[in-house]
A.B. asks: 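Below is the structure I would like to discuss, written out as structure tokens.
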2 protein chains.
Amino acid sequence: MPRKPNYDRNELIERSRDLFWRRGWAGTSLKDLEAVLQMKPGSFYAAFGSKDALFKLAMEKYAVDGLDRLKRLATEYGPIKALQRFPQMVIENEEAPAKACMLSKTLLELQAHNHPLAHEANLHLLKMESQFAELFEQAQSSGEIDSAYDPQVLARRYQSDLLGLRVSAEREGVDAMAIAAEIADSLTRL
Amino acid sequence: MPRKPNYDRNELIERSRDLFWRRGWAGTSLKDLEAVLQMKPGSFYAAFGSKDALFKLAMEKYAVDGLDRLKRLATEYGPIKALQRFPQMVIENEEAPAKACMLSKTLLELQAHNHPLAHEANLHLLKMESQFAELFEQAQSSGEIDSAYDPQVLARRYQSDLLGLRVSAEREGVDAMAIAAEIADSLTRL
DNA sequence: CCCTTTATTGAGCGATCACTCAAGTATATA
DNA sequence: TATATACTTGAGTGATCGCTCAATAAAGGG
């Protein structure tokens with residue numbers, strides 16, 4: 001008996017993600033969302049409940065996609081080569097809404113307000129860090145890097161470097177590709 | 001004939017800096033500022049002109065103070081030791097409004113809106129980067145590090161690492177001091 | 001003292017914020 | 001086709017946004 005929505009929910013979440021990623025939480029108004037999603041307020045709230053609820057969905061899609069890209073890279077090239085390629089891959093996409101990481105942007109914007117979305121962002125970052133650690137561990141198992149290192153320590157540092165890279169890539173007049181190459185290069189010396 | 005203001009302008013700017021640093025640009029309302037500065041709207045606008053104008057002043061103070069701390073560190077310990085100590089110093093201050101860099105927070109928040117303050121933040125970051133490069137150069141002159149390196153390249157990477165560290169330090173459950181130690185340690189291998 | 005000049009006050013401006021809801025519309029099932 | 005069940009519409013909610021300004025208070029110079 002029901003009537004179907006005339007939109008693709010997944011695509012709406014992707015469009016929201018791109019807008020939130022670029023403009024941030026406070027920087028994205030409901031008018032902006034209505035324009036990009038081609039939805040009136042009533043439909044919007046029927047579909048997503050609130051701005052924050054949609055932001056959460058958008059951030060989840062962002063995190064899952066990032067994790068997927070890394071895993072695919074690891075499947076194709078092996079763990080250490082994946083970690084080497086990832087930084088460059090992440091900043092070279094000209095079509096991406098922003099160079100900086102959506103999770104870190106959200107964290108920095110909302111952490112001081114104790115906003116639940118900041119905590120959510122940190123959880124996604126932790127998941128990513130675990131995946132980094134797993135790849136370092138695999139690289140040790142296959143003898144690609146010295147097994148004396150603690151994979152968790154390597155992952156922690158790698159993620160910090162990646163976050164720094166992506167902030168730098170957001171700046172004008174900074175050769176981020178060169179930094180990415182340096183990060184990749186430093187992994188060959190493990 | 002005139003009447004003197006009954007406040008210390010410099011202190012007001014410092015209090016504003018702390019609030020802006022912690023809460024960000026959009027996250028700080030005029031009500032917040034009025035509360036912290038103990039000023040009514042009229043006085044506020046007579047004194048500073050606008051929220052953005054005060055933010056600019058606050059950011060300048062932030063940048064100048066940061067530069068000063070680095071320079072004092074270099075005078076006391078020498079260039080390379082200063083660069084080694086700086087990361088730890090920057091994240092260990094518990095009284096600071098935030099661990100993350102105010103300039104990077106401003107850049108990430110406002111860059112996508114082409115807000116003048118984002119450009120301003122980048123200029124301050126460039127100045128800081130120049131100071132890093134100068135210290136690396138001094139370290140080369142005194143033979144502390146290999147002179148084959150390009151000081152600008154070292155400075156670019158150092159600043160990126162520092163920005164990453166400070167984002168990481170903002171997170172819960174991340175041992176930022178360990179990352180700071182690693183950054184410092186990597187400078188001994190130059 | 002008076003007078004000029006500036007600082008301070010606080011009610012309130014228009015604009016925008018996230019969001020609501022009653023009314024209208026489309027669709028799958030009976 | 002009739003009906004039930006959603007989805008869609010868009011004017012409009014109260015709250016908050018950055019900010020203005022006329023009125024008042026205070027402090028120097030004469």
Side-chain angles (χ1 to χ4, degrees), chain A residues 1-13 15-59 105-106 109-110 112-118 120, chain B residues 1-13 15-59 105-106 109-110 112-118 120:
Chain A
M1 331 147 172
R3 176 185 173 188
K4 278 188 195 167
N6 60 1
Y7 52 75
D8 178 346
R9 183 177 172 86
N10 193 59
E11 195 197 318
L12 291 192
I13 294 174
R15 286 215 286 263
S16 308
R17 175 203 58 197
D18 289 356
L19 199 60
F20 281 132
W21 182 1
R22 210 174 102 75
R23 308 240 220 168
W25 180 80
T28 305
S29 72
L30 256 116
K31 262 203 168 170
D32 296 333
L33 287 166
E34 286 163 27
V36 155
L37 304 183
Q38 295 278 53
M39 284 179 115
K40 308 295 175 230
S43 294
F44 178 91
Y45 282 91
F48 301 114
S50 71
K51 179 185 171 181
D52 283 6
L54 178 56
F55 194 102
K56 190 179 172 193
L57 291 174
M59 196 159 58
K105 288 183 75 169
T106 303
E109 183 181 5
L110 301 177
H113 302 274
N114 288 324
H115 195 297
L117 288 169
E120 202 74 22
Chain B
M1 328 151 176
R3 176 182 173 189
K4 278 188 195 165
N6 60 0
Y7 53 75
D8 178 347
R9 181 177 173 86
N10 193 58
E11 196 197 314
L12 292 191
I13 294 174
R15 286 215 285 262
S16 309
R17 174 205 58 198
D18 288 356
L19 200 59
F20 281 133
W21 182 0
R22 209 175 102 76
R23 308 240 221 166
W25 178 81
T28 306
S29 72
L30 256 115
K31 262 202 167 171
D32 296 333
L33 288 166
E34 285 162 30
V36 156
L37 304 182
Q38 295 278 54
M39 285 179 113
K40 308 294 175 222
S43 294
F44 178 91
Y45 282 91
F48 301 113
S50 71
K51 178 184 172 182
D52 283 6
L54 178 56
F55 194 102
K56 191 181 171 192
L57 291 174
M59 197 160 56
K105 287 184 76 170
T106 303
E109 184 181 4
L110 301 177
H113 303 275
N114 288 323
H115 195 296
L117 287 169
E120 202 74 22

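Just so we're on the same page: letters track the sequence lines, and every chain starts at 1.
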A.B. asks: Would you please name every residue forming a side chain to side chain contact (heavy atoms under 4.5 Å, CB included) with N114(B), sequence neighbours left out?
C.D. replies: none

A.B. asks: According to side-chain hydrogen bond (donor to acceptor under 3.5 Å, both in side chains), who are the partners of D8(A), at least two apart in sequence or on a separate chain?
C.D. replies: none

A.B. asks: Contact class for F48(A) (heavy atom, under 4.0 Å): base, sugar-phosphate, or nothing?
C.D. replies: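 No contact.
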
A.B. asks: What nucleotide among dC19(C), dC19(D), dT8(C) has an atom nearest to a side-chain atom of S50(B)?
C.D. replies: dC19(D)

A.B. asks: Looking at H113(B) and H115(B), would you say the former's side chain and the latter's main chain have a donor-acceptor pair under 3.5 Å?
C.D. replies: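 Not confirmed, H113(B) side chain does not pair with H115(B) backbone.
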
A.B. asks: Going by atom type alone, with no hydrogens or angles, which donor-acceptor pairs under 3.5 Å involve a side-chain atom of residues 32-49 of chain B and a protein atom two or more places apart or on another chain?
C.D. replies:
unit_1 : atom_1 : unit_2 : atom_2 : d
D32(B) : OD2    : S29(B) : N      : 3.0
D32(B) : OD2    : S29(B) : OG     : 3.2

A.B. asks: Would you please name every residue forming a side-chain hydrogen bond (donor to acceptor under 3.5 Å, both in side chains) with W25(B), sequence neighbours left out?
C.D. replies: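 By the side-chain hydrogen bond (donor to acceptor under 3.5 Å, both in side chains) rule, W25(B) matches D52(B).
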
A.B. asks: Provide, to the nearest angstrom, the distance between the CG atom belonging to D8(B) and the P atom belonging to dA7(C).
C.D. replies: 15 Å

A.B. asks: side-chain hydrogen bond (donor to acceptor under 3.5 Å, both in side chains) with R17(A): which residues, sequence neighbours excluded?
C.D. replies: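 Only D65(A) meet the side-chain hydrogen bond (donor to acceptor under 3.5 Å, both in side chains) criterion with R17(A).
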
A.B. asks: The criterion is side-chain hydrogen bond (donor to acceptor under 3.5 Å, both in side chains); which residues satisfy it with R15(B), sequence neighbours excluded?
C.D. replies: E11(B)

A.B. asks: I want to check one thing: is the phosphate of dC19(D), taken as OP1 and OP2, less than 4.0 Å away from some side-chain N or O of Y45(B)?
C.D. replies: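 Yes, within the criterion.
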
A.B. asks: List in numerical order all residues of residues 28-44 of chain A for which some heavy atom is under 4.0 Å away from an atom belonging to DNA chain C.
C.D. replies: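 Only T28(A), S29(A), L30(A), P41(A), G42(A) qualify.
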
A.B. asks: In whole angstroms, how far is the C1' atom of dC19(C) from the NZ atom of K51(A)?
C.D. replies: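 After rounding, the reported distance stands at 12 Å.
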
A.B. asks: Just to verify, what does R22(B) make a side chain to side chain contact (heavy atoms under 4.5 Å, CB included) with, not counting sequence neighbours?
C.D. replies: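 Partners of R22(B) under the side chain to side chain contact (heavy atoms under 4.5 Å, CB included) test: A112(A), P97(B).
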
A.B. asks: Determine yes or no for a side-chain-to-main-chain donor-acceptor pair under 3.5 angstrom, with K51(A) supplying the side chain and T28(A) the backbone.
C.D. replies: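 The answer is yes, because a donor-acceptor pair under 3.5 Å joins these two groups.
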
A.B. asks: Rounded to whole Å, please give me the gap between CH2 in W25(B) and C1' in dC17(D).
C.D. replies: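 Distance, rounded to whole Å: 10 Å.
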
A.B. asks: To the nearest 10 degrees, what angle separates the axes at the start and end of the helix from dC2(C)-dG29(D) to dA30(C)-dT1(D), five pairs each?
C.D. replies: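 Between the first-five-pair axis and the last-five-pair axis there is 0°.
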
A.B. asks: Please determine if a side-chain N or O atom of K4(A) lies less than 4.0 Å away from the OP1 or OP2 oxygen of dT27(C).
C.D. replies: no

A.B. asks: Nearest to the side chain of N6(A), which nucleotide is it out of dT8(D), dC19(D), dG28(D)?
C.D. replies: dT8(D)

A.B. asks: To the nearest Å, give me how far apart OH (Y7(B)) and P (dT9(C)) are.
C.D. replies: 11 Å

